[in-house]
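Letters A, B, ... mirror the listed sequences (proteins, then strands); counts begin at 1.
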Protein chains: 2
Amino acid sequence: MVSFIRGCYRGPMSTEVPARRYAKGEAKRRQILIAALAVVARHGYRNSTLQEIADAVGLTKAGVLHYFDSREDLMAQVLRERDAHDGTAYTPADGDSLTQLGRTVEHNGSVPGLVQLYSQVVIEAEAPEHPAHAFVRDRYGALVASLAEGVRRRQRAGTAGPDLDPVAVARIAIALSDGLQLQWLHDQSLDMSGVFDTAMDLVLEARPPRAS
Amino acid sequence: MVSFIRGCYRGPMSTEVPARRYAKGEAKRRQILIAALAVVARHGYRNSTLQEIADAVGLTKAGVLHYFDSREDLMAQVLRERDAHDGTAYTPADGDSLTQLGRTVEHNGSVPGLVQLYSQVVIEAEAPEHPAHAFVRDRYGALVASLAEGVRRRQRAGTAGPDLDPVAVARIAIALSDGLQLQWLHDQSLDMSGVFDTAMDLVLEARPPRAS
DNA sequence: AGGAATACCTACCAATGGTAAGTTTTATCC
DNA sequence: GGATAAAACTTACCATTGGTAGGTATTCCT
């Protein structure tokens, strides 16, 4: 069981060194991740077979499974890689996390394969034994924290209702993002980004209560 | 009710006659639907096998497949039946559809199995060849229409911002419902209903814009 | 060059969804 | 109250797929 690295999740706070691999292997690994996403985009998540992914990169099933513990693990890693790459998730304290989330929503409107994969992994990972369980959990946690902080900053700046519960608003923003993506999968004419911005504007409303 | 329908989806506009079947079969069919939901609740969607469902009702796999075209079809029918039963979906014009949706969200907080099944089917059904594709599409459509009408009624009553786009608000409500359920699956301590109500209150806000 | 770790393949297995074809049960019609 | 047609099943059986075991070839470091 070689896998000191494979399968085990390394969160943002983890500093473990990656398992040493040969250059060729590292390249192949990346290639697999890219191919997997492409295959999902073409045939959908549940119709994406290990065999087809393997074919796409000139390997056998077993060859692919040399890099990933399982199909589920592979799919989860696609997400993780993507997540780390375009840094949508763990937004550092500098940028505005709410704006960043909005941008991510907008961007996702161009990658249906990724959206489907994301939704699918999130649901599957509900099972505690799923390889991405901890990942998704941590991701949600980090997102909530980051967004809540963004809300607090806006409250200080006066661009968000002072009585809003930052954590609740964070959860609302995430729910909107996830939920709109679900709808969008069934109707890609939906303007996810527009609806998201509209909703968030209303939620963050800094206007004083109506004189009742 | 339309409980005697099977296999093929009959939307609101369909008038086809139900396939005739014996009383015993009808009972068995119900039993299977209930058992399927129970199995999903226990082991999760992807770990719910036809075999186990069959065992639960004293049949073989093939026996179950006599009633449903496929596993996916079975799962979709569980949703459909449930949908028709507690009438959450096609809310008639009488009640307030927004309140109704809120109640459904609250109720779903007690049935994790159903929530998981629902989410899973919605994602799977993105594929046009999925047996529940048309169902989910129609369901979304009907929900949007119903909720949008609810928003309009509130606007007339002065309990919703007059400038709100009813359809957009409808989509927002659905997204919140779906998205919160996704989060809730990973953290059942989340107060779905509370967050949902909070968000909708903010979105529907009828307060006048702040004097900028 | 030597040697350890990696990269990768060839079988092989078990589980699962699904089908084909037949047998038994159920209700209906003379 | 049997004949009969349809529904309610069952017993094989198949194909796909994820995954494993174990071996061979390749890479890289010293």
Side-chain angles (χ1 to χ4, degrees), chain A residues 1-7 17-33 35-36 39-40 43-78 120-121 124 127 129-132, chain B residues 4-7 17-33 35-36 39-40 43-77 120-121 124 127 129-132:
Chain A
M1 291 313 220
V2 229
S3 50
F4 20 153
I5 134 116
R6 298 200 296 246
V17 225
R20 51 191 169 149
R21 300 190 188 95
Y22 299 159
K24 184 185 180 183
E26 187 59 36
K28 209 65 173 176
R29 196 189 121 93
R30 302 246 176 195
Q31 203 183 338
I32 295 171
L33 288 171
V39 170
V40 168
H43 305 301
Y45 185 91
R46 47 165 220 172
N47 292 332
S48 298
T49 158
L50 272 179
Q51 186 64 58
E52 189 171 357
I53 296 169
D55 288 346
V57 296
L59 285 184
T60 61
K61 286 186 308 181
V64 171
L65 289 175
H66 168 69
Y67 292 96
F68 305 93
D69 288 345
S70 66
R71 188 190 105 111
E72 283 176 350
D73 181 50
L74 166 57
M75 295 303 187
Q77 302 267 354
V78 172
Q120 190 67 52
V121 169
E124 278 187 0
E129 69 273 16
H130 190 282
Chain B
F4 35 81
I5 63 172
R6 68 138 180 216
V17 245
R20 51 187 167 156
R21 77 169 74 98
Y22 301 158
K24 182 185 180 185
E26 185 59 37
K28 209 64 174 178
R29 195 190 122 92
R30 301 245 178 196
Q31 203 182 337
I32 294 172
L33 289 170
V39 170
V40 168
H43 304 302
Y45 186 90
R46 50 167 214 165
N47 292 332
S48 298
T49 158
L50 272 179
Q51 187 64 58
E52 189 171 358
I53 296 169
D55 288 347
V57 295
L59 285 184
T60 62
K61 285 185 308 180
V64 172
L65 289 175
H66 169 68
Y67 292 96
F68 304 94
D69 289 343
S70 65
R71 190 191 103 112
E72 283 175 351
D73 180 50
L74 165 57
M75 295 302 188
Q77 302 267 357
Q120 189 68 51
V121 169
E124 278 186 358
E129 69 273 14
H130 191 282

By side chain to side chain contact (heavy atoms under 4.5 Å, CB included) - contacts of T60(A) (at least two apart): A62(A)

Taking side chain to side chain contact (heavy atoms under 4.5 Å, CB included) as the definition, give me every residue that meets it alongside L65(B), ordered by chain and number, with sequence neighbours left out. L50(B)

Atom pair distance, as rounded to whole Å: CD in E26(A) and C1' in dA5(C): 15 Å

With V121(A), which of M75(A), Q77(A), E72(A) fulfils side-chain contact (heavy atoms from CB on, under 4.5 Å)? M75(A)

Measure from CG on D55(A) to P on dT17(D) and round the result to the nearest Å. 11 Å

Protein-proximity profile, nucleotides 9-30 of chain C, B/S/- by nucleotide at the 4.0 Å heavy-atom cutoff, equals SB------BBB------B----

Rounded to whole angstrom units, what separation is found between the CZ atom of R21(B) and the P atom of dC9(D)? 12 Å

Under-4.0 Å side-chain N/O to phosphate OP1/OP2 contact, Y67(A) with dC8(C): yes

Heavy-atom distance under 4.5 Å between the side chains of N47(B) and E129(A), does that happen here? yes

Ignoring hydrogens, what is the shortest heavy-atom contact between D73(B) and D69(B)? Give both atom names and the distance. OD2-N, 3.1 Å

Rounded to whole angstroms, how far apart are CE on M75(A) and P on dT17(D)? 12 Å

Provide the closest heavy-atom pair for Y67(B) versus I32(B) in the form atom of the first, atom of the second, distance. CD1-CD1, 3.6 Å

Please give, in whole Å, the distance from dT20(D) C1' to F68(A) CZ? 18 Å

Can you check the D73(A) CG to dT20(D) P distance for me, whole Å? 11 Å

May I have the distance from R29(B) (atom CZ) to dC9(D) (atom C1'), rounded to whole angstrom? 17 Å

Can you find a side chain N or O atom of H66(A) that sits less than 4.0 Å from OP1 or OP2 on dA7(C)? yes

